[in-house]
Number of protein chains: 2
Amino acid sequence: MNLKELSALLGLSPTTVSRALNGYPEVNEATRERVLAAARRYNYRPNTRAIRLATGRAMSIGHVIPIASRHEMVNPVFADFIASAGEVYSRLGYDMVLSVVPDEDEAAAYRDLKARGTVDGVILHGPRMNDPRLPLLHEIGLPFVVHGRATGTPVPYSWCDVNNRRAFARATDFLLDLGHTRIGLINGLEFMDFAIRRRAGYLDALAAGGLVADPDLMSSNEMTEGLGHRAARRMLALADRPTAFLVSSMILGLGVRRAIEEAGLRMARDVSVIIHDDELSYLRNGEDVPIYTATRSSVREAGRIAAEMLIDLIAHPESPPRDRLLEAELIIGQSTGPAPRPQTGDRTP
Amino acid sequence: MNLKELSALLGLSPTTVSRALNGYPEVNEATRERVLAAARRYNYRPNTRAIRLATGRAMSIGHVIPIASRHEMVNPVFADFIASAGEVYSRLGYDMVLSVVPDEDEAAAYRDLKARGTVDGVILHGPRMNDPRLPLLHEIGLPFVVHGRATGTPVPYSWCDVNNRRAFARATDFLLDLGHTRIGLINGLEFMDFAIRRRAGYLDALAAGGLVADPDLMSSNEMTEGLGHRAARRMLALADRPTAFLVSSMILGLGVRRAIEEAGLRMARDVSVIIHDDELSYLRNGEDVPIYTATRSSVREAGRIAAEMLIDLIAHPESPPRDRLLEAELIIGQSTGPAPRPQTGDRTP
DNA sequence: TTGGGCGTCCAAAGCGGTTTGGGTTGAGGT
DNA sequence: ACCTCAACCCAAACCGCTTTGGACGCCCAA
């Protein structure tokens, strides 16, 4: 059932039917009712492809997911982010189109999306320091919102980010207040913007507490359970081992906990742990009471905000960039406690 | 730059330019070269929206993600599945469109995708027993491939699944051979098709081993760390507690391990654990050697196969349904060992 | 010499909507 | 009786591509 058929059935012109369905004023209310009833009755839906060509708008938002051919890492926060962004898109009549491309083709993918008119705008994921994608998107004129920020970007842009620096500074303060002085930082990859900011927050707080950072207590890597385990194990094997860990994700935290227990230690009592909790739906930090003390910030909320921001940006192309900084909450869980008394040397090997 | 402009620049008709670019034979090779060179030079890309309207094909594949308003569960295998399916789509010139809709709107979402012509086909995720979505898709005539199977479906359909039944039967056999007789099953939600098949495999093997299943040793729920922990803790508190667990996912397994250690027991030595490992990219079962003994099957491979199957199906609408059953591998890790000697009663409370 | 066939190209008709620029009608004012 | 002006509706152009149905020139066989 298409517009022409429907209008023929109604004895009206396609023009009038289109206007009736789209709420234009120059159509008699009685006629509009008749049209709406017929549309319902014959289950008429305007063809997406025709609307898009006619209006010149794609009515869809792109998300480009680069796949590194080496390890094919898929960011675990990604699923929750797009789920919440997708709800917004659906609600506002947009489609979400995902482009999965090899790492090296990412720039080409953006150019393509723009040149072919496949999307009206994109969300940029996992921004890095001096991220080349931002100037690129700026240059080709594709509206975008960054999930996070990209330190060193020369052009203004729209973003929605968590205050990672303050979150990790507060978490570090909390540990310092508990008497910890040897605090390990198990962070994401060092070129990721969030990781840079979290380290900065950690270093801020250490410095404010009169401590100097120990390079042996800082690690940066992909955020998998295995790598969290490996980093924590290495630090726990140090002669002057940490009594607390600051950990950039829940999944890393699972590995850290494993390392702690393998070393014959108990979380909270022997080694405190604070994680950053993105509130992923399938990896909750405890059902009722939080397991880990955490800097908590909902990635779903960020997805929702970024999506709304982008659609607003598309609707008002001449408006200045928007941004939104979300504060993380410090949630006290069962993974932190006062620093243990000076060690008695009975560490398990 | 559009086709009309480009053809004007070349002094050719749009027809010829279009044919030259699309590899049709009725165009002089020299002309084709000239057209291709100009297209490159002016960075011409045919407008997606126009192609779609003209050809009547959406050149995109839909994935509908229902969001239960209650707990907003996003399936963690989903990210990896769509990442690998997406690679196939990109390669073959298709777009992937994700529709995130409230649970109760799922049927409407499929009808909409079909009626508006937004997609050429869909992948169906998380099939259940007697899943109403399959007859629906069949009825509205939208090509689809199921990731998994749906027991009880009256119509034939295309699918790509893991042999869950055989996998869990083999895993159970393995535990029986190690001398375990009290084996707990920590499974996904009981109406999910994969969970039904896994339980069937487990029950098959128990029966073949002359054992009767104990309802207290079977649990079904969503597959989160917390629920894995809860189920295992409950079973470990039984007077006649299990000496082994069969666990439906890696994430559940993390919770199970936590429960084991909280009970003062050691995995493998006191309690064996076998998980099902979907080889998620951010939750690997060990880097080099597997941590958990596991029934392993790559969800990425399934995504790739399902995507190719669907596109093939779209290209040949009259062909019969296809299917593909993948066998899971039994990987021996460090989480299993011989059943401990009969208990001496020194369990921690 | 003529006609058929081939190679190459083009005009125009579509795809299914939106949108522009009127046309018709009837009520109200003079 | 005539004009004006809403209110309502329509024909046709347009979005940018694909595809159908020739057109034209040239070569070769009859």
Side-chain angles (χ1 to χ4, degrees), chain A residues 1-36 38-39 42-60 93-95 112-120 315, chain B residues 1-36 38-39 42-60 93-95 112-120 315:
Chain A
M1 171 67 55
N2 61 25
L3 184 62
K4 204 196 294 184
E5 291 166 22
L6 184 66
S7 56
L9 240 44
L10 282 161
L12 289 169
S13 75
T15 306
T16 303
V17 175
S18 171
R19 282 185 163 146
L21 293 174
N22 291 318
Y24 283 83
E26 55 270 75
V27 43
N28 189 309
E29 272 312 313
T31 310
R32 188 193 305 279
E33 288 305 327
R34 209 158 59 85
V35 169
L36 288 173
Y42 296 107
N43 192 34
Y44 168 74
R45 314 287 167 89
N47 184 294
T48 309
R49 302 189 287 264
I51 290 183
R52 288 176 178 169
L53 181 57
T55 61
R57 298 184 304 164
M59 291 309 285
S60 35
Y94 279 76
D95 278 338
D112 229 64
L113 287 176
K114 170 67 180 182
R116 315 183 86 104
T118 313
V119 302
D120 297 315
Chain B
M1 170 66 58
N2 61 23
L3 185 62
K4 204 198 292 185
E5 291 166 22
L6 183 66
S7 57
L9 241 43
L10 282 161
L12 289 168
S13 75
T15 308
T16 303
V17 176
S18 170
R19 286 187 160 144
L21 293 173
N22 292 317
Y24 283 83
E26 56 271 74
V27 42
N28 189 308
E29 271 313 312
T31 311
R32 188 193 306 279
E33 287 306 325
R34 208 158 60 86
V35 169
L36 288 172
Y42 296 106
N43 193 35
Y44 168 75
R45 315 286 168 90
N47 184 294
T48 309
R49 302 190 288 263
I51 290 182
R52 288 177 179 169
L53 181 58
T55 60
R57 296 183 306 164
M59 292 309 286
S60 34
Y94 278 76
D95 278 338
D112 228 64
L113 287 176
K114 169 68 180 182
R116 315 182 86 105
T118 312
V119 302
D120 297 316

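So that the names make sense, note that chain A is the first sequence line, chain B the second, and so on, each numbered from 1. Just so it is clear, the structure is predicted and the values come from calculations on it, not from any experiment.
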Minimum heavy-atom distance B:Ala115-A:Arg45, with the two atoms named: CB-CG, 3.3 Å

task: Quick one: label A:Gly117 by what it contacts on the DNA or RNA (base, sugar-phosphate, nothing), any heavy atom closer than 4.0 Å.
output: nothing

task: May I ask you to decide whether B:Arg52 forms a salt bridge with B:Asp95, counting only side-chain N to carboxylate O separations under 4.0 Å?
output: yes

- request: Tell me which of A:Pro14 and A:Pro25 sits closer to the 5' end of DNA chain D, going by the nucleotide each one is nearest to.
  value: A:Pro25

- prompt: Between atom CG in B:Leu21 and atom P in D:dT18, what is the gap in whole Å?
  reply: 8 Å

statement: In this structure, CG of B:Leu9 is separated from OH of B:Tyr42 (nearest 0.5 Å) by 4.0 Å

Separation of D:dC8 P from A:Leu12 CG (nearest whole Å): 13 Å

task: Counting heavy atoms from C-beta on, name the nucleotide in D:dA11, D:dC9, D:dT19 closest to the side chain of B:Ser18.
output: D:dT19

- request: Spell out, as yes or no, whether a donor-acceptor pair under 3.5 Å connects the side chain of B:Thr55 to the backbone of B:Ile51.
  value: yes

query: What's the shortest heavy-atom distance between B:Arg49 and A:Gly56, and which atoms?
result: NH2-O, 3.1 Å

- prompt: Contact boundaries of DNA chain C with chain A (under 4.0 Å, heavy atoms), 5' to 3'?
  reply: C:dG16 to C:dG21

query: Is the phosphate of D:dT19, meaning OP1 or OP2, less than 4.0 Å from a side-chain N or O of B:Tyr24?
result: yes

Between N or O atoms, less than 3.5 Å apart, protein on one side and nucleotides 14-16 of chain D on the other: list the pairs.
residue : atom : partner : partner atom : Å
D:dC15  : O2   : A:Ala54 : N            : 3.4

statement: A:Leu10 atom CG is separated from D:dC9 atom C1', nearest whole Å, by 13 Å

N/O donor-acceptor pair under 3.5 Å between B:Thr48 side chain and A:Gly117 backbone: no

- request: Give the minimum heavy-atom separation between B:Met1 and B:Tyr44, together with the two atoms involved.
  value: O-CD1, 3.4 Å

task: Heavy atoms only: give me the nearest B:Ala58-B:Asp120 pair and the separation to one decimal.
output: N-OD1, 2.9 Å

Shortest non-hydrogen contact from B:Arg32 toward B:Ala20: NH1-O, 2.9 Å

Contact list (N/O, under 3.5 angstrom) for nucleotides 23-28 of chain D vs protein:
none

task: Please report, rounded to the nearest Å, how far the P atom of D:dC17 is from the CZ atom of B:Arg19.
output: 16 Å

- request: Please determine if a side-chain N or O atom of A:Thr16 lies less than 4.0 Å away from the OP1 or OP2 oxygen of D:dC10.
  value: yes

query: Looking only at heavy atoms, which two atoms of B:Thr118 and B:Ser60 are closest? And how far apart?
result: O-OG, 3.2 Å

message: Between A:Ser13 and A:Ser7, do the side chains contain a donor N or O and an acceptor N or O under 3.5 Å apart?
response: no

